[in-house]
Amino acid sequence: MKHAEAMLRLEVLPVSRLARLTDDERAGVLGGVCFSHPAGLPGIGDHPILSVEMVPLTGSEPVCEIWHGNEALQSGQHGPVRYRYGDTFLFGCLSLDEPAAATCNDATPLQAATESAYRAIFSLLDAHGYHAILRFWNYFPAINRESHCMERYRQFNIGRQDAFLAHGRSVVDRVPAACALGSVAGRLHIAFLAARADVVGVENPRQVSAYHYPSQYGPRSPTFARASLAKLGGRDMLFISGTASIVGYQTLHEGDVAAQTRESLSNIAAILAEANRLAPRAGFRLDALAYKVYVRHPEHVDTVRHEMTRFIGGAVPSVFLQADVCRADLLVEIEASGGHAIQAGVVA
Ligand code: 3EB
């Protein structure tokens with residue numbers, strides 16, 4: 001098979017190491033996301049590296065998640081989207097301001113920015129034939145705040161879904177994995193990883209699919225799958241969406257961060273079991289994933305880390321960040337990926 005050898009490697013490193021990558025290492029970088037507040041990070045060449053205003057909760061330095069490929073890579077720009085790609089993978093990112101205010105009858109600034117961001121991404125991916133989206137990462141400030149008559153996360157969901165519909169994409173079943181978190185400040189930031197590969201959505205039997213959430217959570221349901229499972233020349237990769245203490249469609253364990261952490265991990269375990277059922281040879285394991293953990297209150301980080309280590313049965317590569325989670329009653333959200341190489345310079 002032509003692309004049988006295509007590989008991804010996730011490297012977690014402090015931002016100071018980013019500037020010290022060798023030329024060879026740089027050439028192999030697809031892109032990545034750095035988390036720091038205040039913002040202001042060194043880029044590397046024209047690579048799509050997103051800079052998100054979030055405070056890392058481990059170590060004293062801003063932290064970056066860098067995706068490396070093993071193919072010959074090129075960079076490009078499509079409207080506001082910066083991207084880098086090889087034969088198999090494409091990583092891209094963009095940061096948009098929210099345009100001037102609107103009335104309650106118009107698209108809100110965040111909704112409009114979200115829709116135009118997703119339209120730009122879909123037009124890039126359609127033009128270049130990267131038909132499988134492995135993962136979206138969505139970050140914007142004040143996610144739980146009400147403005148223009150609606151919570152901002154709900155505004156985001158309308159803009160996102162409208163872009164899917166405008167590009168003739170399904171908003172149920174065949175949707176990508178994602179997360180949506182509240183940053184400290186700044187613009188709407190979106191990063192994504194796409195591929196020329198077969199990808200299927202994975203749902204969690206313990207949870208109602210997010211795209212079927214009832215309207216009490218907003219006029220449009222969120223457009224994401226619980227995970228994306230990608231088949232890449234015999235190698236399977238799994239991208240697990242942000243996962244929280246939700247069973248059915250309701251939040252459980254309000255006010256109890258330890259119980260919320262355990263419930264989130266039970267959900268991840270259920271998604272993993274579902275992925276292993278769909279890809280029996282993959283053998284995904286909880287203790288072989290890379291995790292990113294969003295904690296609403298910094299003082300909860302030790303509790304969350306302790307519960308994770310206990311549940312998983314040992315320390316695992318994890319990035320801990322302070323972030324607002326998209327329901328006001330959620331204290332923690334955990335995402336994970338596996339099946340690719342993992343190199344963690346910063347391990348919790
Ligand atoms: C949830 O399960 C928690 O809107 O893209 C998790 C992952 C959540 C992705 C998104 C939201 C999103 O509903 C929140």
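Keep in mind that this is a model prediction, so the values were computed, not measured. Counting convention: from 1, in listed order, for ligands and their atoms alike. Keep in mind that the numbers below use all heavy atoms, side chains included, and drop hydrogens, waters and symmetry copies.
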Nearest non-hydrogen protein atom, [atom]:
atom: atom 1 (C) of ligand 1; result: Y213 OH, 3.2 Å
atom: atom 5 (O) of ligand 1; result: R160 NH1, 2.8 Å
atom: atom 14 (C) of ligand 1; result: C326 SG, 3.0 Å
atom: atom 12 (C) of ligand 1; result: F224 CE2, 3.2 Å
atom: atom 7 (C) of ligand 1; result: G242 O, 3.2 Å

Fill in: Criterion salt bridge (Lys or Arg N to Asp or Glu O under 4.0 Å) on E263 and R206, from CA distance to verdict
CA-CA 10 Å; E263 201 70 66; R206 303 178 83 233; 2.6 Å; yes
At the 4.0 Å heavy-atom cut-off, does [X] count as touching ligand 1?
X: A210; answer: no
X: E335; answer: no
X: Y153; answer: yes
X: R327; answer: no

Worksheet item: Short N/O distance, under 3.5 Å, between R226 and ligand 1?
Response: yes
Do the rings of [X] and [Y] sit parallel, tilted or perpendicular, given the 30° and 60° boundaries?
X: F164; Y: F122; result: perpendicular
X: Y217; Y: Y213; result: tilted
X: W67; Y: H340; result: perpendicular

Item to complete: Taking only heavy atoms of I246 into account, list the atoms of ligand 1 that are under 4.0 Å away from them.
Response: 1 (C), 2 (O), 3 (C), 13 (O)
Response to the item:
For A178, the atoms of ligand 1 under 4.0 Å from one of its heavy atoms are 5 (O), 7 (C), 9 (C)
Discussion item. Are the side chains of H212 and V172 in contact, using a 4.5 Å heavy-atom criterion?
Written reply: yes
Worksheet item: Are H68 and M7 close enough that some pair of their side-chain heavy atoms sits under 4.5 Å apart?
Response: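 No, their side chains stay 4.5 Å or more apart.
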Item to complete: Carefully, step by step, assess I66 and L10 under the rule side chain to side chain contact (heavy atoms under 4.5 Å, CB included).
Response: CA-CA 6 Å; I66 300 297; L10 173 63; over 6 Å; no
Worksheet item: Is K292 paired with E65 through a side-chain N to carboxylate O contact shorter than 4.0 Å?
Response: yes
